[in-house]
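Input: a single structure, listed below in structure tokens.
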Amino acid sequence: MAKEGIIPTTIRTWRQANLTSVAASAVTTFVVATKNNVHGVLLYFASAVPAALTRAQLIVDVAGVKAWLNGELIFDRTATELLDEYKYHFDKFGALAAPLGVLPITFMNANMPIFDQRRGYALGMAKSGGGYNTLTVDVTMTGVATAATCEVHVVSDVYPEEVTGVHMRRLRTTRDLTGTGWMHIPNLKKEFHGIAALHVVDGNPTRVQVSKDGEFIYKDLQYETLQIMMDQAGRTPQTGYTHIPFDLGNDLNSYERLGNTIRDWDVELSSAVAPGAGTVLLTEQIHTSIIE
């Protein structure tokens, strides 16, 4: 029997509704209707048969997903990026057999071994002055070939209502990396609290170098060495990416602290083949506040 005051670590998952449209080029917006702490949203796509879509079908049918909390963008991934990032974090438990038909939008830090630490990054929906945040999700379809329906499932918990506080933002940007040899990634933002990982959507770089205010985090590091470090920490590097993690300690303090007091935040890649113009960078950012 649980002692008084102890809250079980129960996950509450429920089907909210179906997307109103999965037609070609449809953009469907919905609000996550809960006051509880939100861990993620699972989008289950099925064909008319019905049958769960395969990975390939999901990528063909769904362009991407974005999410906003009180109008601030906190999640932005294409279907391919979303599925690859899931495999990067969770294939350590064993790759799931296809098809599953699910695009998992995860708001939490996935790599804490203890649930009570991991859920600390969940989206608290209560505002500090009263009332509740608004979590809005956009799903953009492409030239749909298979999808006939999409169920929206919300993952939350049974903890008391909380304000947002510390949370993850999985965002994307692009940079022109048209040179070879050592290349600085220019104009990387650092005005937020910290960064857990940076994923360059290009598999050509062979060496990585990162420094902050002149202190090296990775210095002239062969990428294969970094992949071994990732594997030891439970990550599964994905083909076509150069992952630059800062969270390999797998605990609450395992990230690189940034912010306005940091003068210089420098990330370099060495490659014999130019990644090219408009190279996509995926970030896993840690923020400590949200517009209310």
Between T106 and H39, does the side chain to side chain contact (heavy atoms under 4.5 Å, CB included) criterion hold? Intermediate values first, please. CA-CA 6 Å; T106 301; H39 296 208; over 6 Å; no
Hydrophobic cluster membership, with links at side-chain heavy-atom distances under 4.5 Å among I/L/V/M/F/W/Y: are [X] and [Y] in one?
| X | Y | result |
| --- | --- | --- |
| Y86 | V38 | no |
| V152 | I74 | yes |
| V208 | I228 | no |
| M183 | L282 | no |
| I11 | V158 | yes |

Can you name the nearest heavy-atom pair linking [X] to [Y], along with the distance?
| X | Y | answer |
| --- | --- | --- |
| V65 | F75 | O-CD2, 3.8 Å |
| V102 | P104 | O-CD, 3.4 Å |
| A147 | F45 | CB-CD2, 4.2 Å |
| A110 | R118 | O-CD, 3.7 Å |
| A196 | Y255 | CA-CB, 4.3 Å |
| T178 | A277 | CG2-N, 3.7 Å |

Just jot down the side-chain contact (heavy atoms from CB on, under 4.5 Å) partners of [X], sequence neighbours excluded, or say none.
| X | value |
| --- | --- |
| D84 | R55, T80, Q238, Y241 |
| I217 | V210, K212, F246, E256, W265 |
| T54 | A56, Q57, P99 |

Does any non-hydrogen side-chain atom of [Y] lie less than 4.5 Å from one of [X]?
| X | Y | answer |
| --- | --- | --- |
| R175 | P186 | yes |
| F107 | H167 | no |
| N187 | T173 | no |
| T149 | V22 | no |
| Y218 | S211 | no |
| W182 | D220 | yes |
| T164 | K127 | no |
| W68 | V137 | no |

Where the side chain of [X] meets the backbone of [Y], is there a donor-acceptor pair that is under 3.5 Å apart?
| X | Y | value |
| --- | --- | --- |
| E81 | T78 | yes |
| D213 | R263 | yes |
| E151 | N18 | no |
| T142 | D61 | yes |
| T283 | Q285 | no |
| N133 | G124 | yes |
| N250 | A233 | yes |
| N37 | A122 | no |
| S271 | A274 | no |

Nearest-0.5 Å distance, [atom1] of residue [X] to [atom2] of residue [Y]:
| X | Y | atom1 | atom2 | answer |
| --- | --- | --- | --- | --- |
| I185 | L269 | CD1 | CG | 4.0 Å |
| M230 | K92 | CE | NZ | 13.5 Å |
| Q227 | T236 | CD | OG1 | 11.0 Å |
| L171 | F192 | CG | CZ | 8.5 Å |
| L53 | T146 | CG | OG1 | 5.5 Å |
| S254 | Q117 | OG | CD | 11.0 Å |

Do [X] and [Y] pair up side chain to side chain, a donor and an acceptor below 3.5 Å, judged on atom types alone?
| X | Y | value |
| --- | --- | --- |
| H199 | E284 | yes |
| D251 | N253 | no |
| N70 | Y132 | no |
| S128 | E292 | yes |

Assess the residue pair T279 and D202 against the criterion (side-chain hydrogen bond (donor to acceptor under 3.5 Å, both in side chains)); give the C-alpha distance rounded to whole Å, side-chain angles, the decisive distance to 0.1 Å, and a yes or no. CA-CA 7 Å; T279 297; D202 187 89; 5.5 Å; no
Report the C-alpha separation of K219 and E268 in whole Å, then their side-chain angles, then the decisive distance to 0.1 Å, and conclude whether the salt bridge (Lys or Arg N to Asp or Glu O under 4.0 Å) test is met. CA-CA 10 Å; K219 183 177 181 181; E268 298 176 83; over 6 Å; no
Can you label the angle between the Y159 ring and the F115 ring as parallel, tilted or perpendicular, going by 30° and 60°?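 Y159 and F115: tilted rings.
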Test log, rule side chain to side chain contact (heavy atoms under 4.5 Å, CB included), inputs V267 and H184: CA-CA 6 Å; V267 179; H184 293 265; over 6 Å; no
Using a strict cut-off of less than 4.0 Å between a Lys/Arg side-chain nitrogen and an Asp/Glu carboxylate oxygen, indicate whether [X] and [Y] qualify as a salt bridge.
| X | Y | result |
| --- | --- | --- |
| R12 | D157 | no |
| R235 | D247 | yes |
| R169 | E72 | yes |

Please say whether more than 12 non-hydrogen atoms of neighbouring residues, nucleotides or ligands are located less than 6.0 Å from CD in E224.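 Yes, the 6.0 Å shell around CD holds more than 12 heavy atoms from other groups.
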Run the side chain to side chain contact (heavy atoms under 4.5 Å, CB included) check on V166 and I286 step by step: do they pass? CA-CA 7 Å; V166 177; I286 298 170; 3.8 Å; yes
Please evaluate residues H243 and Y223 with respect to the criterion ring pair (Phe, Tyr, Trp, His ring centres under 6.0 Å), reporting the C-alpha separation (whole Å), side-chain torsions for both, the decisive distance (0.1 Å), and the verdict. CA-CA 9 Å; H243 305 284; Y223 185 59; 7.2 Å; no
Does V201 form a side chain to side chain contact (heavy atoms under 4.5 Å, CB included) with L281? I'd like the steps, not just the answer. CA-CA 6 Å; V201 188; L281 309 177; over 6 Å; no
